[in-house]
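Okay, so here's the structure we're looking at.
Residue numbers start from 1 in every chain, and the chains themselves are labelled A, B, ... in the order their sequence lines are given, proteins ahead of strands. No hydrogens, no waters, no symmetry mates; every other heavy atom, side chains included, goes into these values.
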2 protein chains.
Amino acid sequence: MESAAATRRTVLDAAAELLAEGGPDAVTLRAVSARAGVSRGAPYGHFPDKEHLLAAVAAESWVTLGDQLDDLIADERPSPAERLERALSVLLEVGRRRPHTYALMFSAPNDEHPGALAAVSRTNDQFLAIVADVIGDPQRARPIGALLMSSVHGIVAMENSGQLTVEKWQVTGDELLKMLIDRIA
Amino acid sequence: MESAAATRRTVLDAAAELLAEGGPDAVTLRAVSARAGVSRGAPYGHFPDKEHLLAAVAAESWVTLGDQLDDLIADERPSPAERLERALSVLLEVGRRRPHTYALMFSAPNDEHPGALAAVSRTNDQFLAIVADVIGDPQRARPIGALLMSSVHGIVAMENSGQLTVEKWQVTGDELLKMLIDRIA
DNA sequence: GTTCTTCATGTGACGTTGTCATATGAAGTA
DNA sequence: TACTTCATATGACAACGTCACATGAAGAAC
């Protein structure tokens with residue numbers, strides 16, 4: 001009888017790795033079990049089904065992102081505007097470096113997975129604080145924050161689907177991000 | 001021996017319906033065949049595999065969207081700015097009314113599906129023409145078009161994943177679209 | 001030390017999926 | 001009539017998510 005928490009961690013890590021490496025289709029329960037070094041049935045002791053396992057992976061990714069934002073907020077050196085640009089770049093980089101993980105994070109977080117919902121809500125609040133620091137008016141921070149968040153998400157999605165090519169649009173995602181921030185501030 | 005083209009159409013329509021009704025998981029080859037009134041193996045005479053069948057569905061959706069844009073471009077009554085807003089609204093509406101179809105349209109159109117690529121390229125060009133008509137400078141139309149396209153795509157994606165709630169951000173997707181256009185023109 | 005309970009883990013089985021090899025059978029041609 | 005062609009039908013296969021059940025180790029009770 002292995003430590004319950006330890007097995008949970010191993011399974012979670014294996015699922016996260018397989019997702020990052022080979023996309024959602026590579027995350028079969030059998031592959032996860034094999035990589036985690038446990039049997040096929042072991043994950044069922046810790047996650048009701050595959051969906052909940054993936055939701056846990058997504059939630060953990062949101063928590064990691066939230067921790068990065070916390071570091072960014074705690075750093076006094078950059079100006080508010082610089083902080084905003086860095087915050088958005090962090091999201092962009094996740095989308096580029098781990099496209100499948102990123103896609104999972106933004107795929108409908110069901111009401112059945114409160115952990116994922118809470119993690120998303122936390123990052124939203126952090127992001128809103130950063131935006132409010134730039135805007136000044138906290139009332140207007142929310143709509144503008146939504147615009148920034150949506151736009152950056154769209155940039156990542158179009159990059160990853162291969163539809164944001166330089167030949168077609170003559171811009172890079174980073175340039176779009178800069179255009180966006182210029183039109184806000 | 002049924003007419004080859006007719007079977008192809010029936011299968012394609014069945015797949016499109018199942019996608020719109022029940023999402024990607026509902027589009028099983030067996031369900032498609034049953035709805036189309038053909039046997040399980042029939043689709044393989046017209047599409048190499050499931051991926052190509054779905055790519056054909058996506059391509060057709062892009063063509064439909066392109067036709068709508070053509071109508072919009074041909075209509076002389078609205079101002080260029082109004083046309084732009086309507087064009088973006090068309091995209092938004094597709095995302096709302098047929099979220100699964102929309103998601104498929106924006107999921108990586110592989111190089112192996114030239115039909116889908118061509119259909120996407122056509123709508124991109126149409127959209128760029130509409131943007132250039134507003135901006136004036138055709139040189140700047142491309143980056144700005146990319147920004148608009150990406151942002152609207154992000155709005156739709158966040159709406160459909162349930163992350164763009166009014167309670168959290170105190171805006172609707174439509175209001176974001178208006179904010180966006182105001183900051184461009 | 002022995003017995004009992006508990007609980008995570010291991011395993012065989014089931015239905016469903018995408019896919020293929022092969023069989024069927026209708027249309028057109030000689 | 002006999003033959004070719006080609007779309008359609010069907011049985012089979014491996015792999016999938018999932019479940020019911022078996023196994024076996026750790027701690028408690030005697």
Given C/dT16, is OP1 or OP2 found less than 4.0 Å from the side-chain N or O atoms of B/Thr28? no
For residues 83-92 of chain B, which side-chain donor-acceptor pairs fall under 3.5 Å, sequence neighbours excluded?
| unit_1 | atom_1 | unit_2 | atom_2 | d |
| --- | --- | --- | --- | --- |
| B/Arg83 | NH1 | B/Asp75 | O | 2.5 |
| B/Ser89 | OG | B/Glu85 | O | 3.0 |

Side chains of A/Ile184 and A/Leu147: does their closest heavy-atom pair fall under 4.5 Å? yes
To the nearest angstrom, the CZ-C1' distance between A/Phe47 and D/dC19 comes to 18 Å
Which pairs, with at least one residue in residues 61-84 of chain B and sequence neighbours excluded, count as a ring-ring contact (aromatic ring centres under 6.0 Å, His included)? B/Trp62-B/Phe106
Quick note, ring-ring contact (aromatic ring centres under 6.0 Å, His included) partners involving residues 112-147 of chain B, not counting sequence neighbours, are B/His52-B/His113
Any pair counted as side-chain hydrogen bond (donor to acceptor under 3.5 Å, both in side chains), so long as it reaches residues 155-164 of chain B, sequence neighbours left out: B/Arg96-B/Glu159
Whole angstrom is fine here: how far is it from CZ in A/Arg30 over to P in C/dG10? 15 Å
In whole angstrom, give the distance that lies between atom CG of A/Leu29 and atom P of C/dG15. 20 Å
Enumerate the salt bridge (Lys or Arg N to Asp or Glu O under 4.0 Å) contacts for residues 31-46 of chain B, please, sequence neighbours excluded, ordered by first and then second residue. B/Glu17-B/Arg35, B/Glu21-B/Arg35
At 4.0 Å (heavy atoms only), tell me whether B/Val11 reaches a base, stays on the sugar-phosphate, or touches nothing. nothing
Proximity to DNA chain D (any heavy atom under 4.0 Å), residues of residues 34-41 of chain B only: B/Val38, B/Ser39, B/Arg40, B/Gly41
Among C/dG18, D/dT18, C/dG10, find the nucleotide with the atom closest to the side chain of B/Lys50. C/dG18
To the side chain of A/His46, which of C/dT9, D/dG17, C/dG18 is closest? C/dT9
Can you tell me if the side-chain N/O atoms of B/Tyr44 get under 4.0 Å from OP1 or OP2 in C/dC20? no
Expressed in angstrom and rounded to an integer, what is the separation of B/Arg8 atom CZ from D/dT8 atom P? 12 Å
Between P of D/dG17 and CG of A/Leu18, the distance in whole Å: 11 Å
For C/dT9, does either OP1 or OP2 sit under 4.0 Å from a side-chain N or O belonging to A/Thr7? yes
